[in-house]
Amino acid sequence: MTLEAVDRQEALFARAFAAGDLELVRPLYRADVVYWSPTVRLFDWPRRIAGVDRTLEFIALTIARCRDIAYRCVERALIPGDDAAYVRVEFDWTADTRRLRSTYVVVYRYRDGRIARQELYYDPSAPPEVLAP
């Protein structure tokens, strides 16, 4: 993994979220990807989601009510000694009339150049930041 590859990956995520088309990121994932996120508690999903189809289904569920999504990688690094990367994301969206932001960290673990595990980290008790109109 290289920082350039992470940048390309994150640009593709940004395009997919902006377009509302998660099929754009399907090629980034291994078929047997494992997805982990504290967001599962909001939808009563299992803590560990296995497989690319279920992963994309869950991500689609989490953004279903989000409009005008802006996804930005604001910090990234390779994790030494592992085929992995750390990415800090600012995820902005409109809900009703408010512009909101969620800042979170994603750890990607790769196998054969594709995402084998995606782990999201954030404070699940904190509400999204309300942005100025």
Are any of the side-chain heavy atoms of Val89 and Arg72 separated by less than 4.5 Å? no
Beyond-backbone contact of Phe17 with Ile59, side-chain heavy atoms, under 4.5 angstrom: yes
Under 4.5 Å between side-chain heavy atoms, hopping through other hydrophobics if needed: is there a path connecting Trp36 to Trp45? no
Going by an N to O cut-off under 4.0 Å, is there a salt bridge joining Asp7 and Arg76? yes
A side-chain contact here means heavy atoms from C-beta on lying under 4.5 Å apart; do Arg26 and Asp53 qualify? yes
Can you find a heavy atom in the side chain of Val33 that is under 4.5 Å from one in the side chain of Arg117? no
Closer than 3.5 angstrom, by distance alone: can the side chain of Asp21 be matched with the main-chain N or O of Glu23 as a donor-acceptor pair? yes
Is the backbone of Arg114 close enough, under 3.5 Å, to the side chain of Tyr108 for a donor and an acceptor to pair up by distance? no
When rounded to the nearest 0.5 angstrom, what distance separates CG in Leu100 from CG in Asp68? 11.5 Å
Which atoms form the tightest heavy-atom contact between Tyr121 and Val107, and what is the distance? CE1-CG2, 4.0 Å
Step by step, would you call Tyr86 with Glu119 a side-chain hydrogen bond (donor to acceptor under 3.5 Å, both in side chains)? CA-CA 10 Å; Tyr86 149 96; Glu119 307 164 12; over 6 Å; no
State yes or no: do Tyr122 and Leu131 share one hydrophobic cluster built from I, L, V, M, F, W and Y residues joined by side-chain heavy-atom distances below 4.5 Å, directly or via other members? no
Does Ser37 reach the main-chain N or O of Val40 with its side chain, forming a donor-acceptor pair under 3.5 Å? no
In Å, rounded to the nearest 0.5 Å, how long is the span from OG1 of Thr39 to CD1 of Ile63? 12.0 Å
Is there a side-chain contact between Glu57 and Leu22 (heavy atoms, below 4.5 Å)? no
Do Tyr104 and Phe13 belong together in a cluster built from hydrophobic side chains that touch within less than 4.5 Å? yes
Could you check whether any side-chain N or O of Arg54 sits under 3.5 Å from a backbone N or O of Tyr35, counting only pairs where one atom can act as donor and the other as acceptor? no
When rounded to the nearest 0.5 angstrom, what is the spacing between CD in Glu75 and CZ in Arg88? 4.5 Å
Hey, could you give me the CG/CZ distance between Leu24 and Arg15, rounded to the nearest 0.5 Å? 6.0 Å
Could you walk me through whether Ile115 and Gln9 pass the side chain to side chain contact (heavy atoms under 4.5 Å, CB included) test, one step at a time? CA-CA 10 Å; Ile115 301 168; Gln9 166 191 290; 3.8 Å; yes
Got a sec: does the CZ of Arg98 have more than 12 other heavy atoms crowding it under 6.0 Å? no
Can you tell me how far the CH2 atom of Trp93 sits from the OG atom of Ser102, to the nearest 0.5 Å? 5.0 Å
What pair of heavy atoms forms the shortest contact from Ala16 to Val25, and how long is it? CB-CG1, 3.7 Å
Same hydrophobic cluster for Val34 and Leu120, using side-chain heavy-atom links shorter than 4.5 Å among ILVMFWY? no
Between Val52 and Arg30, the two heavy atoms sitting closest are CB-O, 3.8 Å
Cluster link Val105 to Val6, ILVMFWY, side chain under 4.5 Å: no
Side chain to side chain donor-acceptor pair (under 3.5 Å) partner of Thr94, the single match among Arg99, Arg65, Arg67: Arg99
Can you tell me how far CD of Glu10 sits from CG of Leu12, rounded to the nearest 0.5 angstrom? 9.5 Å
Derivation and outcome, side chain to side chain contact (heavy atoms under 4.5 Å, CB included), residues Leu78 and Leu3: CA-CA 7 Å; Leu78 299 179; Leu3 287 178; 3.9 Å; yes
Is it true that Asp83 and Arg111 make a salt bridge, defined as a side-chain N closer than 4.0 Å to a carboxylate O? no
Under 3.5 Å: donor-acceptor pair, side chain of Arg41, backbone of Pro124: yes
Is there side-chain contact between Thr62 and Phe43, with at least one heavy-atom pair below 4.5 Å? yes
